[in-house]
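One structure is given here, and the rest of the page talks about it.
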Number of protein chains: 2
Amino acid sequence: MKNNIKQLREVRGISQGKLALMCSVSRQTINAIENNKYDPSLELAFGIADALETKVDSVFKYQKKEKKRG
Amino acid sequence: MKNNIKQLREVRGISQGKLALMCSVSRQTINAIENNKYDPSLELAFGIADALETKVDSVFKYQKKEKKRG
DNA sequence: CCTTGATGTCAAACACTTTTTACACATTGG
DNA sequence: CCAATGTGTAAAAAGTGTTTGACATCAAGG
């Protein structure tokens, strides 16, 4: 799964912390998702898309699962 | 979160079991999601949308969280 | 009646997501 | 220097999603 949260965030001038507030999650959660540590829950994916005024399908793109490394 | 998996499935003549196979998850998982026991992971949401030849935003609609009852 | 396929439900176990707390570095401005 | 803001990272604990195995109901057909 890849996402363009960072780009969408930056053109809107929203920090990770602000986006976290808008989605009611921790700043670390947004940071981890942006950096592909893990995928958000479906609910949070909708929250993020909503905060960025776009669609889930526009923020996230599915791609074959990448195996986790060490 | 609500979804129209059942309707999308039925117009395509796909059973819960078949959809489960297409998504590589158990039949119970599809059943539980259809019956709003819980929301799928984002990855599975994409898998379901894909199997039903539509978009995540078309299959699932976000709505205020419903508190769990005993 | 018996079998088969589709659906609904439960519980235990396991894997993954999220929170919390804490520390690090860079930049901006007093 | 010191404070504030934005970002990256880590570990433990809590919460959520998924699998497996089991059992129940309903409908269709031998």
Side-chain angles (χ1 to χ4, degrees):
Chain A
M1 191 73 67
K2 73 189 182 58
N3 70 77
N4 28 50
I5 297 174
K6 191 184 180 91
Q7 298 82 307
L8 293 167
R9 212 168 40 71
E10 288 177 347
V11 301
R12 288 165 177 73
I14 300 177
S15 69
Q16 291 182 349
K18 178 121 197 288
L19 180 55
L21 278 176
M22 296 168 86
C23 297
S24 304
V25 298
S26 68
R27 178 180 68 79
Q28 287 85 337
T29 293
I30 297 296
N31 184 287
I33 293 164
E34 258 188 39
N35 291 289
N36 288 291
K37 296 300 193 252
Y38 51 74
D39 295 329
S41 66
L42 183 56
E43 182 179 0
L44 179 49
F46 271 92
I48 291 170
D50 212 56
L52 297 174
E53 296 177 291
T54 181
K55 299 284 191 182
V56 170
D57 293 280
S58 303
V59 182
F60 299 92
K61 303 290 181 193
Y62 181 67
Q63 49 184 11
K64 231 168 223 141
K65 188 157 206 161
E66 168 118 10
K67 272 290 193 254
K68 227 158 272 183
R69 266 171 271 191
Chain B
M1 190 74 66
K2 73 189 183 56
N3 69 77
N4 27 52
I5 296 175
K6 191 184 180 93
Q7 298 82 308
L8 293 167
R9 216 171 33 75
E10 288 178 346
V11 300
R12 288 164 178 72
I14 300 177
S15 69
Q16 290 183 349
K18 178 120 198 290
L19 180 55
L21 277 176
M22 297 168 87
C23 299
S24 304
V25 296
S26 69
R27 178 182 69 78
Q28 287 87 333
T29 293
I30 298 296
N31 184 287
I33 294 164
E34 257 189 41
N35 291 288
N36 288 292
K37 298 300 194 251
Y38 50 75
D39 295 329
S41 66
L42 183 56
E43 182 178 359
L44 180 49
F46 270 92
I48 292 171
D50 211 58
L52 297 174
E53 295 176 293
T54 181
K55 299 284 191 180
V56 171
D57 293 281
S58 303
V59 182
F60 301 91
K61 302 291 181 195
Y62 182 66
Q63 50 184 11
K64 232 169 222 135
K65 187 158 208 160
E66 170 116 10
K67 271 289 193 255
K68 226 160 271 182
R69 265 172 272 192

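Everything numeric here is computed off the predicted structure, so don't read it as measured data. Per chain, numbering begins at 1; letters A, B, ... match sequence-line order.
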Worksheet item: In terms of the nearest nucleotide of DNA chain D, which residue is placed more toward the 5' end: I14(A) or D39(B)?
Response: I14(A)
Taking atom [atom2] of [N] as reference, at what distance in whole Å does atom [atom1] of [X] sit?
X: N36(A); N: dC16(C); atom1: CG; atom2: C1'; value: 16 Å
X: L19(A); N: dT5(D); atom1: CG; atom2: P; value: 18 Å
X: L21(B); N: dG5(C); atom1: CG; atom2: P; value: 13 Å
X: I33(B); N: dT16(D); atom1: CD1; atom2: P; value: 16 Å
X: Y38(A); N: dG8(D); atom1: OH; atom2: P; value: 14 Å
X: E43(A); N: dG15(D); atom1: CD; atom2: C1'; value: 13 Å
X: E10(B); N: dA6(C); atom1: CD; atom2: C1'; value: 11 Å

Just by distance, do the side chain of [X] and the backbone of [Y] share a donor-acceptor pair under 3.5 Å?
X: N3(A); Y: I5(A); value: yes
X: D57(B); Y: V56(A); value: yes
X: N4(B); Y: F60(B); value: no

Discussion item. Looking at dT19(D), I'd like to know if its phosphate oxygens (OP1 or OP2) sit under 4.0 Å from a side-chain N or O belonging to T29(B).
Written reply: yes
Worksheet entry | S26(A) side chain near dT19(C) phosphate (N/O to OP1/OP2, under 4.0 Å) | yes
Item to complete: Report, as a single string ordered 5' to 3', how protein heavy atoms within less than 4.0 Å touch nucleotides 25-30 of chain C: B base, S sugar-phosphate only, - not at all.
Response: ------
Discussion item. Could you work out, with side chain to side chain donor-acceptor pair (under 3.5 Å) as the rule, every residue matching S41(B), not counting sequence neighbours?
Written reply: none
Practice prompt. State which of dA6(C), dT18(D), dT17(C) makes the closest approach to the side chain of S41(A).
Written response: dT17(C)
Distance-only check: which donor-acceptor pairs under 3.5 Å involve side-chain atoms of residues 19-27 of chain A, not counting sequence neighbours?
| from | atom 1 | to | atom 2 | distance (Å) |
| --- | --- | --- | --- | --- |
| S26(A) | OG | T29(A) | N | 3.2 |
| S26(A) | OG | T29(A) | OG1 | 2.9 |

Practice prompt. Hey, could you give me the CD/OH distance between E43(B) and Y38(A), rounded to the nearest 0.5 Å?
Written response: 16.0 Å
Worksheet item: Do the non-hydrogen side-chain atoms of D39(B) and I33(B) ever get within less than 4.5 Å of each other?
Response: no
Tabulated below should be each protein N or O lying under 3.5 Å from an N or O of nucleotides 8-15 of chain C; please produce it.
| from | atom 1 | to | atom 2 | distance (Å) |
| --- | --- | --- | --- | --- |
| dG8(C) | OP2 | Q16(B) | NE2 | 2.6 |
| dG8(C) | OP2 | N31(B) | ND2 | 2.9 |
| dG8(C) | OP2 | N35(B) | ND2 | 3.3 |
| dG8(C) | N7 | R27(B) | NH1 | 3.4 |
| dG8(C) | O6 | R27(B) | NH2 | 3.1 |
| dT9(C) | OP2 | K37(B) | NZ | 3.4 |

Worksheet item: Looking at five pairs on each end of the helix from dC1(C)-dG30(D) to dG30(C)-dC1(D), what is the angle between the two axes, given to 10 degrees?
Response: 20°
Worksheet, complete the sentence: Taken in chain and number order and not counting sequence neighbours, the residues that satisfy side-chain contact (heavy atoms from CB on, under 4.5 Å) with K2(A) are K61(A), Q63(A)
Under 3.5 Å, which donor-acceptor pairs do the side chains of residues 7-16 of chain A form with other protein atoms, sequence neighbours left out?
| from | atom 1 | to | atom 2 | distance (Å) |
| --- | --- | --- | --- | --- |
| R9(A) | NE | E34(A) | OE2 | 2.5 |
| R9(A) | NH1 | I14(A) | O | 2.9 |
| R9(A) | NH2 | E34(A) | OE1 | 3.2 |
| R9(A) | NH2 | E34(A) | OE2 | 3.1 |
| R12(A) | NE | L52(A) | O | 3.0 |
| R12(A) | NH1 | L8(A) | O | 3.0 |
| R12(A) | NH2 | L52(A) | O | 3.0 |
| S15(A) | OG | G17(A) | N | 3.4 |
| S15(A) | OG | K18(A) | N | 3.0 |
| Q16(A) | OE1 | N31(A) | ND2 | 3.0 |
| Q16(A) | NE2 | E34(A) | OE1 | 3.3 |

